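For reference, the structure discussed in these notes is given below.
All heavy atoms count here, side chains included; hydrogens, waters and symmetry mates do not. We name chains A, B, ... by the order of the sequence lines, and we start the count at 1 in each one. Computed from a predicted model, the values in this text were never measured in an experiment.
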Amino acid sequence: MAAAPLLRCGGRRARLPGWETLYSRWCLITSHNLYSSVYDPNEKTFEKLLIANRGEIACRVIKTCKKMGIKTVAIHSDVDANAVHVKMADEAVCVGPAPTSKSYLNMDAIMEVIRKTRAQAVHPGYGFLSENKEFARRLASEGVTFIGPDTHAIQAMGDKIESKLLAKNAKVNTIPGFDGVVKDADEAVRIAREIGYPVMIKASAGGGGKGMRIAWDDEETREGFRFSSQEAASSFGDDRLLIEKFIDNPRHIEIQVLADKHGNALWLNERECSIQRRNQKVVEEAPSTFLDPETRRAMGEQAVALAKAVKYSSAGTVEFLVDSSKNFYFLEMNTRLQVEHPVTECITGLDLVQEMIRVAKGYPLRHKQADIPINGWAVECRVYAEDPYKSFGLPSIGKLSQYQEPLHVPSVRVDSGIQQGSDISIYYDPMISKLITYGSNRAEALKRMEEALDNYVIRGVAHNISLLREVIVHPRFVQGDISTKFLPEVYPDGFKGHELTDLERRQLLATAASLYVAEQLRSQRFLGTPRIPIAKSKRRSWELSVHLGDEIYPVAVSKHGSSFSVEVDGMKLNVTSEWNLASPLLSVTIDGTQRTIQRISRNASGETSIQFLGTVYKLQILTKVAAELSKYMPEKAAEDTSSILRSPMPGTVVAVSVKPGDTVSEGQEICVIEAMKMQNSMIAAKTGKVKAVHCKAGDTVGEEDLLVELE
Amino acid sequence: MICCTDGCACTLENCLGGDDIRSLDCGYTAARALAVCAVYSPHVLAHSLLTGSRFRIEEKRRAALLGGGQARIDAQHKRGKLTARERILLLLDPDSFDEYDMFVEHRCTDFGMDSSKNKYPGDSVVTGRGRINGRLAYVFSQDFTVFGGSLSGAHAQKICKIMDQAAMVGAPVIGLNDSGGARIQEGVESLAGYADIFLRNVLCSGVIPQISLIMGPCAGGAVYSPALTDFTFMVKDTSYLFITGPDVVKSVTNEDVTQEQLGGAKTHTTVSGVAHRAFENDIDALLNLREFFNYLPLSNRDPAPVCECHDPSDRLVPELDTIVPSESAKAYDMLDIIHSIVDEREFFEIMPMYARNIVVGFARMNGRTVGIVGNQPKVASGCLDINSSVKGARFVRFCDAFNIPLITFVDVPGFLPGTAQEYGGIIRHGAKLLFAFAEATVPKITVITRKAYGGAYDVMSSKHLRGDVNYAWPTAEVAVMGAKGAVQIIFRGKEANAEEEYVEKFANPFPAAVRGFVDDIIQPSSTRTRICHDLDILASKSQSSPWKKHANIPL
């Protein structure tokens, strides 16, 4: 094993532990055999590779480098100094402050690190500089290998219109449409009528679904033209527009390709990524339930044809939209490693990062198309630090006070770049991890995913486990009846969490009541021999009142050995568990049904929140006597102090990050106050618009001075 | 159930069978009532008055259970408050309350107070003993429905009786305060009663834990009993503590102030520091008090209690290795460290809203109660000032008095400078914390997480003050002051690389470690394991100070 990395830390060199455990986590993954590309130790490769990225993808690349015996260099921003990828790498260098434009996108600083560390190659991961042809060009000019395709391919595929033209020439199915400069609204209408409604209008240079508008008639086309041409000019400085056939109810299915510098190219089957919110993928799987072998082959062959047409090398992804009649249309090609690449690795056994490095070094592919299997089924859930109850996910930030990946569940792979204690900050993508499960068939993979989601412990930030779990057990998803509109169709009024059936509600109430009694019983157990003997309670039954939602349920609990018999809603349930009250995960068996629940919080007043079937429920449990008396307790109006920010101490304002009219999100930094040579970050207590700012940088403020008001 | 008012032959059994009595009866079971009856019965045996006497006992008992009567009970409920007996019912284990002095009545004869309608069996306080999670506690609960809970001679006498017994037995006293003040009709008798209680508060101090829960008004002289006890908790919106009410304030100082502003829970938990914590309502307060009680030993003769613990004592806490920011001026939350180290992240914080630059409270390590003191870098950089010194000192002395080991987390840049502090007597008040740590003989474990500067380093349970085990994290900086200030004095700002040199020399744990002022430099993730192990060893610690009548802490 390589030596532990040395890090600069507060002006001293300190050896930090932690990555050994991470290393073993990786070993666990490989032992699960979720990808298994053979490594040939005699094949010469790079000595040192720099990863121009952060988070899980940086960790993912480092894992393969370690396997291949390549030394790694991590780059990081100053807030990432203790990040997992920094600890895992052999060397780590800070490239700038937190904002990505000053660190992970700072080409000058990164080039400087490459020179200093003498890295021979750079893996860009995804996002950041991964599809930046200027970066690739600068690397090439200094003789450093870019792990990815040539600048030519990046450029060709990065342009919507050029890529579509190339695709057409390579006989790849494209969506009927027009691309180029549209003179005026009338011309736009004429083009739209030619294609046939509905049509989609957007700026050619805009990526993904950004600025995309759908028009169903002439009127909407004129409006779409106006917005898109304005945006094209202002955001991209490029007037060209794309007007094309809009595919209603489409599925997003993409083909992974892998090509070398010797003209060989393979298609590694498809990934279905139809479950999306706001054009961002949430759940992905491979293979797709929808494709038959013929369609798969046709799509694969067209993808390979396109790759060859641009002399593509490295791993890439050709995205298609597939309509309900299995017609497929080329969408775009991503010239990088995709976020969702693990599902392909699971079913093909290839280590895509390893193959990318080999190809970049100039080796020919080791596989023939016939060697590429579909073994079993893999599903990936993107676990985000976000609140799924707000527009299917609004970012949440904070410290991961407790974090435990469900690696004890069989055939689970977790790609993450964070650990317990990590901060999820406003500066970067709020993805916590990619949770991948594998099975010999889809049902098995989904069953494991359910178990893995229940066993995933994430505390300190909001997370989307509840949404993910609801999606993977939804009958439509289970049947494979999905499209990119799945979420808005299934949850037209927004996601509200799991809806309990009567039986599930009783199970939850019985579990919560049993936990309460177990806790009460434990609080009477003192060790040692007290001077004044403890009066042992002979109580065997409890009458409780449990508040859940808007209802109050009478619950009777009686103890029989280590199990509880619970009567709720006229039904008797038997609840058994080890009742380990310190463990974040609790396995409970209710009348023979095993459930993994998480008690998120509790307090002396009987309030508790329990994660059950993925969703967190708030309950209050009181004895019957206390519940009866609670009717006398006064109702309290909630005091709202969240809209004003006062200085908690006397000090100097170092920086103010907002101005009136700005929208701030909860937890966002509003200003920084220095007191006693210490900088204190003042954060917004709620999301809202800034009404007034009462301080400026350099001001001296006293305790309780009003700093900022929100509306 | 109001029956038997005609003095008829209604039997005891009948009376006790009523549901109304059961619901009000704080564990006063029918069986015990019968036994009491049997004790009285020989005096009237074979007498036609037998049934009459039984009847009178029961009538009194029933009257006592009703306090000031249903109308006043309803009024109490309308104020959002529970009655004295309902409070006891929630505080104690079911069926565990043994009541004393239910038949005591006030002895005032002036102002028509001797008329039968002005007599209430038990008077304006309910007293007795019971169990909280099986452990013995003495309780008094003032009854606002009887003369507004005012303190008569008899009322005081009842409280003194249970305090005396609690001290003898060695069990805590819990007072549930809800009283309008002195019983004016009784004059000096009432004042004497207060003084009797004060004296016992003082004599019991450091012998048995004394806890006050303010659940209504508590004004005038009455406030000094809670002030003398170890902990004062309040109920938000329904409890007040002040020397004189708003009317008197207006007439004397011409200030307009509401009861809530003058002496409400918010005032006393954030501004004055009189109260240690506030709870939402009566039920919330009583349930929290039950949980709090489990942290305390019953008396100074008992060791800190050890509860069954499911959290492994050898649990590593990896996030601690990166919790201290590399920039020494950047803040972090000491509560994050505390929560992650203690059992099950449970921390009962004392005075969480007052002098927030120091954190104190109770937690458990491998099941054993510990007192935790920590500088809070997040608030005023964690400096020591007047309020935080006094807050810390009182907590440390409580732990020392009751055999609760102390764990101190140090990140302190020094004492807060300035005229406000100097004029306020920071020297005198800072000395209290120094005094408290120095005199404490309970196991003392100290962890320096970052800064330990100047005199504040000495104060925070340093090795020099008989710290048993003192650890430093690799991020520790033990020095006289921060680099910038030190360099200005040493080099008068003339040396170019002076600051770097100073940081290299002093801003690390080595200067302290090579002198043995810290016992080890430890990996932060191992802190829980180390402390749990140390506590096991130190459980048998024995240390004493020279004989003295009492020490003279700089008050």
Between [atom1] on residue [X] and [atom2] on residue [Y], distance to nearest 0.5 Å:
| X | Y | atom1 | atom2 | answer |
| --- | --- | --- | --- | --- |
| L629(A) | H77(B) | CG | NE2 | 6.5 Å |
| E308(B) | L521(A) | CD | CG | 10.0 Å |
| R345(B) | S601(A) | CZ | OG | 11.5 Å |
| I132(B) | I534(A) | CD1 | CD1 | 12.5 Å |

Item to complete: Measure E319(B) against the heavy atoms of chain A and call it side chain, backbone, both or neither at under 4.5 Å.
Response: both

Item to complete: Against chain A, label K236(B) side chain, backbone, both or neither, depending on which of its atoms sit under 4.5 Å from a heavy atom there.
Response: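 The answer is both parts of K236(B).
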
Backbone N/O of [Y] and side chain of [X]: donor-acceptor pair under 3.5 Å:
| X | Y | value |
| --- | --- | --- |
| D93(B) | S537(A) | no |
| R531(A) | G170(B) | yes |
| H310(B) | L581(A) | yes |

Is there a side-chain contact between [X] and [Y], using heavy atoms and a 4.5 Å cut-off?
| X | Y | value |
| --- | --- | --- |
| H339(B) | S401(A) | no |
| I283(B) | Y632(A) | no |
| D321(B) | N82(A) | no |
| E346(B) | R602(A) | yes |

Heavy-atom contact with chain B under 4.5 Å, split by part of [X]:
| X | value |
| --- | --- |
| P533(A) | backbone |
| E628(A) | neither |
| K631(A) | neither |

Practice prompt. Start with the C-alpha gap between K87(A) and T322(B), add the side-chain angles, then the distance that decides, and say whether side chain to side chain contact (heavy atoms under 4.5 Å, CB included) holds.
Written response: CA-CA 11 Å; K87(A) 289 183 210 171; T322(B) 54; 3.6 Å; yes

Practice prompt. Evaluate whether atom CD of E578(A) has more than 12 neighbouring non-hydrogen atoms of other residues, nucleotides or ligands under 6.0 angstrom away.
Written response: no

Worksheet item: Is the number of heavy atoms from other residues, nucleotides or ligands under 6.0 Å of R364(B) CZ greater than 12?
Response: yes

Between [options], which has the largest tally of heavy atom pairs under 4.5 Å with chain B?
| options | value |
| --- | --- |
| G460(A), S523(A), P634(A) | S523(A) |
| A535(A), G421(A), P530(A), G528(A) | A535(A) |
| E635(A), Q524(A), R539(A) | Q524(A) |

Item to complete: Mind running side chain to side chain contact (heavy atoms under 4.5 Å, CB included) on L287(B) and L622(A) for me, showing each step along the way?
Response: CA-CA 10 Å; L287(B) 294 178; L622(A) 289 172; 3.7 Å; yes

Item to complete: Under the salt bridge (Lys or Arg N to Asp or Glu O under 4.0 Å) rule, what do E344(B) and R522(A) come out as? Steps first, then yes or no, please.
Response: CA-CA 13 Å; E344(B) 296 175 28; R522(A) 184 180 67 159; 2.7 Å; yes

Worksheet item: Pick from V169(B), L289(B), L316(B), L286(B): which one has the most heavy-atom pairs with chain A under 4.5 Å?
Response: V169(B)

Discussion item. As an exercise: rank R301(B), Q76(B), R315(B) by heavy-atom pairs under 4.5 Å with chain A and give me the winner.
Written reply: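 The residue among R301(B), Q76(B), R315(B) with the greatest pair count is R301(B).
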
Practice prompt. Check each of D282(B), T238(B), D284(B) against M633(A) using the side-chain contact (heavy atoms from CB on, under 4.5 Å) test, and report the only one that passes.
Written response: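 Of the listed residues D282(B), T238(B), D284(B), the side-chain contact (heavy atoms from CB on, under 4.5 Å) partner of M633(A) is D282(B).
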
Fill in: Shortest non-hydrogen contact between N294(B) and F526(A), atoms and distance
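What the structure gives for the nearest pair is OD1-CZ, 3.4 Å.
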
Worksheet, complete the sentence: Residues C307(B) and L527(A): closest non-hydrogen pair is O-CD1, 4.1 Å

